[in-house]
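Please read the structure below before turning to the comments.
Labels below follow one simple rule: chain letters A, B, ... track the order of the sequence lines, proteins then strands, and each chain is numbered from 1. Excluded from the calculations below are hydrogen atoms, water molecules and symmetry mates; all remaining heavy atoms, backbone and side chain alike, are included. None of the values given here were measured: they were computed from a predicted structure.
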Amino acid sequence: SQQGEEDPQALSIQEGENATMNCSYKTSINNLQWYRQNSGRGLVHLILIRSNEREKHSGRLRVTLDTSKKSSSLLITASRAADTASYFCATDSIQGAQKLVFGQGTRLTINP
Amino acid sequence: DAGITQSPRHKVTETGTPVTLRCHQTENHRYMYWYRQDPGHGLRLIHYSYGVKDTDKGEVSDGYSVSRSKTEDFLLTLESATSSQTSVYFCAITSGQGAYEQYFGPGTRLTVT
């Protein structure tokens, strides 16, 4: 079963614009993470936000978490062609904190 | 790829044959995971290990078995491969100890004909 559901499934924007991806989940979580996957490669960890945090920044990335709505968003500012990739949210439950459940991902395309 | 290798990287096999995929890490991390990635399903956990000889099932464990006799190696075996097991398989590791981010290997593309 999928814990995280990303929205939209695909997003295409112009270089320099901001990209926002959303993730919804179903059960109480310990942490929520975002990963990036370039075509044909393994996933790369981007950022982790704990359940008691509401917002976190890392470079051009901004993640928000709303536990009351069971949702998170990933904002990439000033997008670059190199940001073209698939982005996945992953959640771990309070019971099984070392196991992640991934969403289906958002395919982001940055057009030059 | 954070000291994680997978072998083979590509494999084509016939239905009914046994297949073993290997994940090797040089990070001495406690936790190791096997996922499969299919279009429309994202990543799904097959099995994971929380120490040498300590393993447990994930969401899609039917038809798969695992073994971990050393900290650095985690093997995934398809006892009798089926076409539905055609997929890309990823290994991941995490240290535990309060750290939850996982580090992924490059993947193995398996085709069962």
I'd like to know if [Y] and [X] are part of one continuous hydrophobic network [Ile/Leu/Val/Met/Phe/Trp/Tyr, side-chain heavy atoms within less than 4.5 Å].
X	Y	value
B:Phe74	B:Val60	yes
A:Trp34	A:Ile13	yes
A:Met21	A:Leu61	yes
A:Phe102	B:Val88	yes

### Message
If I take atom CG from residue A:Asp92 and atom CD from residue B:Glu101, how far apart are they, to the nearest 0.5 angstrom?
### Response
10.5 Å
### Task
Using side-chain contact (heavy atoms from CB on, under 4.5 Å) as the criterion, point out the one residue from B:Tyr33, B:Tyr35, B:Tyr100 that pairs with A:Leu100.
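Going through B:Tyr33, B:Tyr35, B:Tyr100 one by one, the side-chain contact (heavy atoms from CB on, under 4.5 Å) with A:Leu100 is satisfied by B:Tyr35 alone.
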#### Entry: Heavy-atom pair of closest approach, residues A:His45 and B:Gln102
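A:His45 and B:Gln102 have their closest heavy atoms at CB-O, 4.1 Å.
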### Shortest non-hydrogen contact between A:Gln37 and B:Phe90, atoms and distance
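Result for this residue pair: NE2-CZ, 3.4 Å.
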### Proximity breakdown for A:Arg50 and chain B, heavy-atom pairs closer than 4.5 Å
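The answer is the side chain of A:Arg50.
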### Task
Check whether A:Gln9 gets within reach of chain B through its side chain, its backbone, both or neither, counting any heavy atom under 4.5 Å.
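For A:Gln9, there is no contact with chain B at all, as no heavy atom is under 4.5 Å.
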### Contacting moiety of B:Gln37, where chain A heavy atoms sit under 4.5 Å
side chain
### Task
Mark yes when over 12 heavy atoms from residues, nucleotides or ligands other than A:Arg107 sit less than 6.0 Å from its CZ; otherwise mark no.
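Check passes, neighbour count above 12.
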### Task
Answer yes or no: are there more than 12 heavy-atom neighbours, outside B:Glu14 itself, under 6.0 Å from its atom CD?
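At most 12 heavy atoms, drawn from other residues, nucleotides or ligands, come within 6.0 Å of this atom.
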